[in-house]
Amino acid sequence: QVQLVESGGGLVQPGGSLRLSCAASGITLDYYQIGWFRQAPGKEREAVSCFNADDGTTYYTDSVKGRFTATRDNAKNTVYLQINSLKPEDTAIYYCGIPGEVRAAGPDTCGGFHYDTWGQGTQVTVSS
């Protein structure tokens, strides 16, 4: 059974940093792409970062470019999201997910694929 567990969230002041982790079990991460999404209060879940299979690059939503960096450690079966220069508008529950095999567009999609396996999320709150 595939399981994703996020950790590393917390309360941080504006300008601060956090490193979120997503530990995978039940799969070998070498063969999977993991995307990061977030859901702010009252808003739909949005893609933050994922691997774009169309051009082989890492996608970042415009609002986080230059501040967020996604990395992975296959030996630890874990992916990370380093988030720097945090802003109050980054406040959200952050999720990692695994895409299905069907190309799609719309909610819960990134890099051309729909994500259908999720962790429980980790809360990031940016406030002074």
Side-chain angles (χ1 to χ4, degrees):
Q1 182 178 358
V2 177
Q3 188 174 18
L4 301 174
V5 179
E6 301 94 334
S7 62
L11 173 63
V12 63
Q13 292 187 342
S17 298
L18 288 171
R19 189 176 77 158
L20 308 183
S21 299
C22 171
S25 59
I27 58 171
T28 301
L29 205 55
D30 304 50
Y31 306 113
Y32 290 85
Q33 296 298 329
I34 304 291
W36 286 96
F37 290 67
R38 67 185 180 184
Q39 187 168 22
K43 295 187 178 181
E44 286 190 354
R45 185 159 49 193
E46 65 167 344
V48 174
S49 176
C50 69
F51 176 74
N52 190 333
D54 290 331
D55 59 14
T57 63
T58 300
Y59 163 86
Y60 294 96
T61 192
D62 286 345
S63 62
V64 310
K65 285 179 181 177
R67 300 188 299 121
F68 288 19
T69 304
T71 59
R72 58 195 293 144
D73 185 337
N74 288 342
K76 294 184 178 179
N77 234 30
T78 300
V79 297
Y80 304 96
L81 185 68
Q82 179 69 40
I83 50 179
N84 299 327
S85 303
L86 279 159
K87 304 175 181 180
E89 52 264 41
D90 295 318
T91 295
I93 300 173
Y94 284 71
Y95 299 90
C96 59
I98 299 174
E101 298 181 358
V102 178
R103 283 193 167 267
D108 286 344
T109 63
C110 189
F113 290 89
H114 181 265
Y115 280 64
D116 53 18
T117 300
W118 300 98
Q120 84 290 348
T122 186
Q123 175 71 49
V124 172
T125 302
V126 185
S127 175
S128 55

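Residue numbers run from 1 in the order of the sequence given.
Here the closest heavy-atom approach between residue Phe113 and residue Val102 is recorded as CD2-O, 3.6 Å. A pairwise comparison of heavy atoms in Leu86 and Arg67 identifies CA-NH1, 3.9 Å as the closest pair. Nearest heavy atoms, Leu81 versus Phe68: CD2-CD2, 4.1 Å. Summarising the geometry of His114 relative to Pro107, their closest heavy-atom pair is CD2-O, 3.5 Å, with the distance given to 0.1 Å. Considering every non-hydrogen atom in both Thr58 and Ser49, the closest pair reads CG2-OG, 3.6 Å. The heavy-atom pair separating Tyr115 from Cys110 by the smallest distance is CE1-O, 3.7 Å.
Applying the 6.0 Å contact sphere to CD of Glu89 captures more than 12 heavy atoms from other residues, nucleotides or ligands.
To the nearest 0.5 Å, the span separating SG on Cys96 from CD1 on Ile34 amounts to 6.0 Å. If you take OG1 on Thr61 and CZ on Arg38, they are separated by 7.0 Å, rounding to the nearest 0.5 Å. Going from atom CD1 of Ile98 over to atom CG of Leu4 covers 4.5 Å, rounded to the nearest 0.5 Å. Between atom CG of residue Asp73 and atom OG1 of residue Thr78 there is a gap of 6.5 Å, rounded to the nearest 0.5 Å.
The aromatic rings of Tyr95 and Trp118 sit perpendicular, their planes meeting at an angle over 60°, well past the 30° parallel limit.
Outside the 6.0 Å centre-distance limit, the rings of Tyr59 and Phe51 are not counted as a close aromatic pair.
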Sequence neighbours left out, cut at 3.5 Å: what donor-acceptor pairs do the side chains of residues 120-128 make with other protein atoms?
from: Gln120; atom 1: NE2; to: Glu6; atom 2: O; distance (Å): 3.0
from: Thr122; atom 1: OG1; to: Gly9; atom 2: N; distance (Å): 3.0
from: Gln123; atom 1: NE2; to: Ala92; atom 2: O; distance (Å): 3.4
from: Gln123; atom 1: NE2; to: Thr125; atom 2: OG1; distance (Å): 3.3

Got a list of side-chain donor-acceptor pairs under 3.5 Å for residues 13-27, not counting sequence neighbours?
from: Ser17; atom 1: OG; to: Asn84; atom 2: OD1; distance (Å): 3.0

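With Tyr60 contributing its side chain and Ala70 its backbone, the two residues share a donor-acceptor pair below 3.5 Å. Counting only distance, with no hydrogens or angles, the side chain of Asn77 and the backbone of Leu29 share a donor-acceptor pair below 3.5 Å.
Within the cation-pi definition used here (under 6.0 Å to the ring centroid, within 45° of the axis), Arg72 does not qualify as a partner of Tyr80.
With sequence neighbours left out, Lys65 forms a salt bridge (Lys or Arg N to Asp or Glu O under 4.0 Å) with Asp62.
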